[in-house]
Amino acid sequence: MSKEFEQISIKPGYMKHNGGVLFRTISETEYEFKSIINENHLNAAGITHGGYLSALIDAGAGTAAHRAAGNAPCVTISLDIKFIGASKVGDEIIGHTKILKKTNTLVFLFCELKCNDKIITSASGVWKIIKIKPSNLGPGG
């Protein structure tokens, strides 16, 4: 079921502004995403900022939750992140997300970020599946 990576940062926003995220589906419960580290992503020590890695996981794992939920909108309830290693400019970061459980309202998952085949960040999270009700209020209503 493996496909080529596709750019998911197509609307203006934080991730598109910061270089975008490429994403692909491996199976119904496994997904991958990736990004290349550039100078915008660095902290004062010259390594990738933890805030950027957090945002990358939130975007990539959040997209995995969205896909696992049949493309329903999902929002992050919790995200527990462990910073294990480091990356620098030019490094390719690859995220692997495994859906652990999906209910009618929640998606539970685990995610790892790797750089040069070494784990640099791991995370577990819970996403809420949003049930959108039809409205007569129009856009933004």
Side-chain angles (χ1 to χ4, degrees), residues 1-135 137-141:
M1 188 168 183
S2 181
K3 299 180 198 173
E4 294 296 314
F5 282 96
E6 63 177 294
Q7 179 61 253
I8 59 170
S9 305
I10 53 175
K11 293 181 182 177
Y14 181 80
M15 292 311 291
K16 183 175 183 178
H17 175 76
N18 280 291
V21 180
L22 297 168
F23 187 89
R24 72 177 172 180
T25 300
I26 303 299
S27 71
E28 288 182 13
T29 59
E30 294 184 69
Y31 302 85
E32 285 186 334
F33 55 94
K34 67 181 180 177
S35 181
I36 303 292
I37 300 304
N38 65 46
E39 289 196 24
N40 293 3
H41 304 139
L42 302 181
N43 63 19
I47 59 174
T48 308
H49 193 286
Y52 179 73
L53 296 174
S54 300
L56 180 59
I57 289 173
D58 195 38
T63 300
H66 166 72
R67 301 274 173 100
N71 293 325
C74 294
V75 294
T76 312
I77 291 178
S78 69
L79 190 55
D80 182 26
I81 300 174
K82 308 287 190 270
F83 299 101
I84 301 162
S87 57
K88 59 188 181 333
V89 169
D91 283 344
E92 180 179 70
I93 305 298
I94 298 179
H96 183 83
T97 301
K98 172 83 172 148
I99 304 299
L100 302 174
K101 182 176 183 175
K102 183 183 116 13
T103 69
N104 287 332
T105 58
L106 300 171
V107 178
F108 299 82
L109 56 77
F110 179 76
C111 180
E112 289 180 336
L113 295 184
K114 288 186 175 184
C115 176
N116 300 318
D117 291 323
K118 292 181 182 173
I119 298 170
I120 61 166
T121 312
S122 68
S124 58
V126 181
W127 269 257
K128 171 80 172 164
I129 302 169
I130 304 298
K131 306 290 186 196
I132 298 178
K133 295 179 181 177
S135 168
L137 297 175

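As a basis for the values below, the full set of heavy atoms in this structure was taken, side chains included, without hydrogen atoms, waters or symmetry mates.
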Taking side chain as C-beta onward, heavy atoms only, is [X] less than 4.5 Å from [Y]?
X	Y	answer
Ser54	Leu79	no
Ile37	Leu42	yes
His41	His49	no
Phe83	Leu53	yes
Val21	Phe5	no
Asn71	Arg67	yes

- Only counting residues at least two apart or in another chain, list the ones meeting side chain to side chain contact (heavy atoms under 4.5 Å, CB included) with Lys88.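 Lys88: side chain to side chain contact (heavy atoms under 4.5 Å, CB included) contacts with Asp91.
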- Item | Pairwise distance CZ(Phe110) to OG1(Thr97) - rounded to 0.5 angstrom |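 One finds 9.5 Å between CZ of Phe110 and OG1 of Thr97.
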- Task: Look up atom CG in Asn38 and atom OH in Tyr52, then write down how far apart they are to the nearest 0.5 Å.
- Result: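 The CG atom of Asn38 sits 7.0 Å away from the OH atom of Tyr52.
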Show the nearest heavy-atom pair for residues [X] and [Y], with the distance to one decimal.
X	Y	result
Ile129	Leu106	CD1-N, 3.9 Å
Ile93	Cys115	CD1-CB, 3.8 Å
Ala64	Tyr31	CB-CD1, 3.6 Å
Phe33	Ala61	CE2-N, 3.8 Å

- Message: Applying salt bridge (charged side-chain N to carboxylate O under 4.0 Å, His left out) as the test, list every pair that has at least one member in residues 103-129; sequence neighbours left out.
- Response: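 Residue pairs with at least one partner in residues 103-129: there are none.
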- Message: Using only atom types and a distance under 3.5 Å, with no angle test, would you say the side chain of His96 pairs donor to acceptor with the backbone of Leu113?
- Response: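 Judged by distance alone, no pair lies under 3.5 Å.
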